[in-house]
Amino acid sequence: MLENIFPSLQQIPEQWQLGSFREQREYLINGELQIWNGPMNEVISPVTINNGNGNEKNSIGCTPLLTEKEALQALDAAVLAYKNGTGEWPTMSIIDRIAHVAAFLVEMKKHRTEVVKLLMWEIGKNLPDSEKEFDRTCIYIEETIVQLKSLDHNNSTFENEEGIIAQIRRVPLGVALCMGPYNYPLNETFTTLIPALIMGNTVVFKPAKYGVLFVQPLLAAFNNCFPKGVINIIYGRGKDTVGALMETGKIDVFAFIGTNKGASKIKKMHPKPHRLRGVLGLDAKNPAIILPDADIENAVSEAVAGALSFNGQRCTALKIIFVHESIAQDFNQKFVAAVGNLKIGMPWEDGVKITPLPEPGKAAYLTDLVDDAKEFGAAIINENGGATNDTFFYPAVLYPVNDKMKIYSEEQFGPVVPIVPYKNLEEVIDYVVQSDFGQQLSIFGKDPETIGHLIDDLANQVGRININSQCQRGPDSYPFNGRKDSAEGTLSVADALRAFSIRVLIATKDNTANKAIVQTIVKENHSNYLRLDYIF
Ligand code: G3H
């Protein structure tokens, strides 16, 4: 069934053809778009082309493989622009910083079609989800501006406690290194990058491993909309660039979405870890718990979307399903039928849900997980489950899964759905408690008492419990975090502004002389920090 999954060039609608090879040699340091003439990294699309004789590797572009030298130049530029907190950017008035970000947003929106197309070709995300990623990011930036104004309004006041008058304001931390993941290379990166910038930090941004080419159309926008050195964009392998940056000790905030092992390794390279703030989104193994009285139709529909949206490549995906043994047969039948209805194909095709995978070797890795599960007694219960063709892996539903299998504890980050039958809820609670991860979970059921008690048992294990719905990050105004190895810090539109800043107090004893000084500073606008103005 997968033989003809990949199109020939002629079969790709003109609108979605990529056109020429994207040779992307530019990178941004200190307000200058530089051209790289050294080694390049080939960008291979997960969308393989069928040339009539079989699949052809689809090389769609290349990006610079910068070295330690350029990474350090980018850092120097960010350090210089921050200037120990006295640079133009960190001391700029909030209204002016907002104007820079708003100007960037206007420019960014002009590149929607191009960015969406590149997301489809680079990471295989389907058209509606690629569009959603772009639009959600624009809304996030708009909301960030609204939240910053509100934060500033709340801070534009004086408090008087125990005879100490104080104004408390949020100020930047320094130089931020922002690195995003390949599954949300635009959205998740920008949900750290934009808050970091708007709070007055200067930034070195290194795009994700895959999902890199889409940055190119935005490079000029970044360069035109921010003062020099405020945002520096580098490309290359992490081991050649990130280590060197950390070892300098000059990175103040490390914003990273990836594995906890990767994050720990990078953090350890900082000579003074206590000076480094981590804003981390890491691994997860979110379970769905299907109680005996669950509305099976709803549980199936939510669990299918939860486990297989973007082929299961979401940190918030449901990565293991615990179903009560009394309803397992019914649930499995309906689940498998729903999976069978998911349309497979190329990202731009109407209604397509399952698409090729961008990580090289991913299909082989998933096959290994499936084989391992089979060895320990699970079966693939859906037709064509686990079938592969090159970068395409047809979703495999495994049942009954047990703790001997790798899939029981390993984050698959792909279209393999393990279903575990359980007798007593204690087995499930124990799984959650023993897990190294603690991002979210979903409970499906009807009985308020059972659900209520389960909430109490699990609320101190994860960051979010979803009732009768799949796990998800949104709405972006809600806190997004995790416990254990799943995250460090909390993100939401408002929380991100806090994550990339620190409160500073300007305080004085309440006496006539001090009040007069403070009043004059405010009245005559002698300070950007100590002020009472209102940003509309
Ligand atoms: O990959 C992790 C994302 O933050 C998930 O976001 O739940 O909106 O897909 P989402």
Side-chain angles (χ1 to χ4, degrees), residues 116 119 122-141 143-144 178-195 207-211 255-260 262-263 279-288 301-320 347 353-355 357-359 362 411-415 417 437-442 462-493 495-496 499:
V116 165
L119 286 175
E122 284 191 270
I123 59 166
K125 188 171 274 194
N126 69 22
L127 176 59
D129 285 351
S130 296
E131 289 176 329
K132 191 172 157 201
E133 176 159 357
F134 189 91
D135 297 338
R136 178 180 178 183
T137 307
C138 292
I139 294 168
Y140 192 98
I141 298 174
E143 289 297 313
T144 296
C178 295
M179 294 166 68
Y182 80 78
N183 63 333
Y184 277 95
L186 173 70
N187 182 262
E188 290 233 317
T189 315
F190 278 38
T191 57
T192 61
L193 181 65
I194 296 296
K209 216 166 171 184
Y210 319 109
F256 174 81
I257 321 288
T259 64
N260 73 88
V279 181
L280 310 177
L282 307 171
D283 327 48
K285 186 81 180 171
N286 296 346
S301 128
E302 289 289 323
V304 168
L308 292 171
S309 299
F310 190 31
N311 312 310
Q313 299 168 121
R314 293 162 58 228
C315 58
T316 47
L318 288 173
K319 301 210 173 89
I320 189 159
K353 297 284 186 208
I354 304 294
T355 55
L357 308 173
E359 282 181 286
K362 188 65 182 247
E411 182 183 21
Q412 64 272 43
F413 215 75
V417 187
F437 309 118
Q439 192 199 62
Q440 299 191 17
L441 59 85
S442 293
V462 293
R464 172 165 165 168
I465 294 177
N466 305 277
I467 299 171
N468 291 323
S469 56
Q470 60 158 311
C471 299
Q472 61 181 55
R473 173 175 179 154
D476 287 327
S477 51
Y478 284 171
F480 176 55
N481 58 17
R483 297 165 185 257
K484 300 192 240 182
D485 290 345
S486 281
E488 187 175 325
T490 296
L491 289 178
S492 71
V493 175
D495 283 300

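As the structure lists them, so they are numbered: ligands from 1, and atoms in each ligand from 1.
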Per-atom contacts of ligand 1 with [X], taking only distances under 4.0 Å to non-hydrogen atoms:
X	result
F480	4 (O)
N183	1 (O)
R473	4 (O), 6 (O), 7 (O), 8 (O), 10 (P)
Y184	1 (O), 3 (C), 5 (C), 6 (O), 8 (O), 9 (O), 10 (P)
Q472	7 (O)
C315	1 (O), 2 (C), 3 (C), 4 (O), 5 (C)

- Message: Less than 3.5 Å apart, any donor N or O on the side chain of D283 or T259 sitting next to an acceptor on the other?
- Response: no
- Task: Say whether, by atom type as modelled, one donor and one acceptor occur between the side chain of D495 and the main chain of P479 under 3.5 angstrom.
- Result: no
- Any sub-3.5 Å donor-acceptor pair from T355's side-chain atoms to K125's backbone N or O? no
What protein heavy atom sits nearest [atom], and how far off is it?
atom	answer
atom 3 (C) of ligand 1	E188 OE2, 3.1 Å
atom 8 (O) of ligand 1	R136 NH1, 2.7 Å
atom 5 (C) of ligand 1	T316 OG1, 3.1 Å

- Task: List for me each residue that meets side chain to side chain contact (heavy atoms under 4.5 Å, CB included) alongside K209, sequence neighbours excluded, and say none if there are none.
- Result: none
- For D485, the side chain to side chain contact (heavy atoms under 4.5 Å, CB included) test, sequence neighbours excluded, returns N260, D436, F437
- Task: Decide if atom NZ of K362 counts as having more than 12 heavy atoms of other residues, nucleotides or ligands within a radius under 6.0 Å.
- Result: yes
- From the options R314, Q439, R464, E411, select the one residue that forms a side-chain contact (heavy atoms from CB on, under 4.5 Å) with N286. Q439
- With rounding to the nearest 0.5 Å, note down the distance linking CZ in F310 to CG in L357. 8.0 Å
- Query: Hey, does R314 come in under 3.5 Å of ligand 1, counting only N/O atoms on both sides?
  - Reply: yes
- Message: Against ligand 1, does Q313 come closer than 4.0 Å with any heavy atom?
- Response: no
